[in-house]
Amino acid sequence: MSHSFNGAKSNHLTGEQAEVGQAGNQAGEQAENQAIVLSVQGVSKKFCRSLKRSLFYGLQDIATELTGSRKPKAKLRPHEFWALQDVSFTLKRGEAVGLVGANGSGKTTLLRIISGLITPDTGSVWVKGRVAPLIALGAGFSPILTGRENIYANMSILGLSTQEIDARFEQVVEFAEIGEAIDAPVQSYSSGMAARLGFACAIHTDPDVLLIDEVLAVGDARFRSKCERRLAELMQQGTAFVLVSHFFQGILNICQTGVYLSKGQLVAVGNAREIMDRYEQDLFSIQREPATFPFLLPPKPAAESTGADLISVYFKDADGQTIETPVSGEPLSICVHCHSSRPVEALSLFLAVYHPAKDNSLVLHLSSAYDQEQFEIAPGDYELCAYLPYLGLLPGSYTLSVYLKDGALYMLDAYESIRFTVNGKEKLNRGQYCQPHEWQISSKAAQMLDKW
């Protein structure tokens, strides 16, 4: 994605080299500009929280337009707020951009501006070709008209002639999978049937830019797979996408680039995975600094000690070296240093790891007592470790709670919510856990089937 149309770099050359370089830069800039199908530059949009004032401001704006005495739109009037403010990005042919942000961040407002449903107060939107908005599937259908009649009405609104609709009609009906219901009133359709028909209409208009707002979850898994295959075909044919979705994996499956909005402000534009990671961190407020390891616990007064105390918590790698940050898929030891002032017959260690980004859910629980691994110790200092042949946690932020017990119930000492980060050698931050693996291919599959 490019932020501007100035793609040429300055070169300090002389003579023919300068002329050739300038011509080459101009050609490259022109080619890049030709590939751009959507340009959003400095777009801002404000709304009014009061209905009465909104109607009054609307009449006021109409009057100023008619009289030619335009007032600056860059200032807020009483009870107004910015739904979008100074948002800019561009989209190239065959590119998909994921638009992310919390509810109320301005995503749908931006799609409506791009589709031409509403106009921006400041800035500009330039679109090359046909735009097909999938902001609300089936929203433009008349309930008293049949599916057949709605197809012609809907696709004509999207810019197709009657002849073009005739040529694509059977493809739309087949894709929507509504069969004989095509001649029944849409008010008799289920919500899923109407959504499928709306999706089928939009994707058969050969759009240059397709706007998709939380509408990929139509139908069952088989139909969703068919929708994704069709979107992939459109992308290969040069259609550009702007996709709004709270389904992170859906964004990553389709989009190369991400645009992150927050309260109408453009936070970041960049690689889709990096944008989604940042949005996820902000969404779940897990951007606080992790603890420093080894993590030293605060000293405990002697009067509060039960006979064995936690001194520190730390991580070790496969070579036994203390490390600051664990790595997904790598061997890891989670260790504690403890001090016992008395004999303990069944010293045990409980470890619990939680994921703040997923409602602080428990993702890992280890107990030496449950594993029948309890240790009889004399007074002194000890290191107690849980060795993991490989770490199954995905890259991300977690909290660790540590419990030192005598047996399975008697609590000796505990410390909760130690924040730490897991890194990854590869991008493995989707799914439920890290699974070390390798890929293989064999041409002997037929022979193996014969043996079976």
Whether the side chain of [X] engages the backbone of [Y] through a donor-acceptor N/O pair (distance < 3.5 Å, no angle test) should be reported.
X	Y	result
Tyr260	Met276	no
Ser401	Ser417	yes
Asn271	Arg273	yes
Lys107	Leu261	no
Ser328	Leu393	yes
Ser367	Phe350	no
Gln256	Ala96	yes

- request: Taking atom types as modelled, find out whether Tyr354 and Glu416 have a side-chain donor-acceptor pair closer than 3.5 angstrom.
  value: no

field: Side chains of Ser39 and Gln41, donor plus acceptor under 3.5 Å
entry: yes

[X] [atom1] to [Y] [atom2] distance, which is reported to the nearest 0.5 Å:
X	Y	atom1	atom2	value
Asp319	Ser333	CG	OG	11.0 Å
Arg419	Tyr398	CZ	OH	12.5 Å
Gln187	Leu145	CD	CG	9.5 Å
Asp183	Glu149	CG	CD	8.5 Å
His204	Glu170	NE2	CD	11.0 Å
Leu84	Ser105	CG	OG	8.5 Å

So, do [X] and [Y] sit near enough that their side-chain heavy atoms are less than 4.5 Å apart?
X	Y	result
Val313	Leu297	yes
Ile212	Leu231	yes
Ile334	Leu388	yes
Ile114	Val43	no
Leu351	Leu364	no
Leu110	Val259	no
Tyr189	Asn150	no
Val209	Thr239	no

Trace of the side-chain contact (heavy atoms from CB on, under 4.5 Å) decision for Met155 with Val172: CA-CA 10 Å; Met155 296 184 74; Val172 172; 4.0 Å; yes

- prompt: Would you call the rings of Phe293 and Phe420 parallel, tilted or perpendicular, where under 30° means parallel and over 60° means perpendicular?
  reply: perpendicular

query: Can you list the steps and then say if Val173 with Ile151 is a side-chain contact (heavy atoms from CB on, under 4.5 Å)?
result: CA-CA 9 Å; Val173 176; Ile151 289 175; 4.0 Å; yes

- prompt: With a 6.0 Å cut-off on ring centres, are Phe295 and Tyr415 close enough?
  reply: yes

message: Test side-chain contact (heavy atoms from CB on, under 4.5 Å) on Arg196 and Ile178; report intermediate values, then the result.
response: CA-CA 8 Å; Arg196 294 201 304 271; Ile178 58 176; 4.2 Å; yes

task: Going by the salt bridge (Lys or Arg N to Asp or Glu O under 4.0 Å) test, name the single residue among Lys128, Arg130, Lys92, Arg93 that passes it with Asp208.
output: Arg93

- prompt: CD of Glu233: more than 12 outside heavy atoms within 6.0 angstrom?
  reply: yes

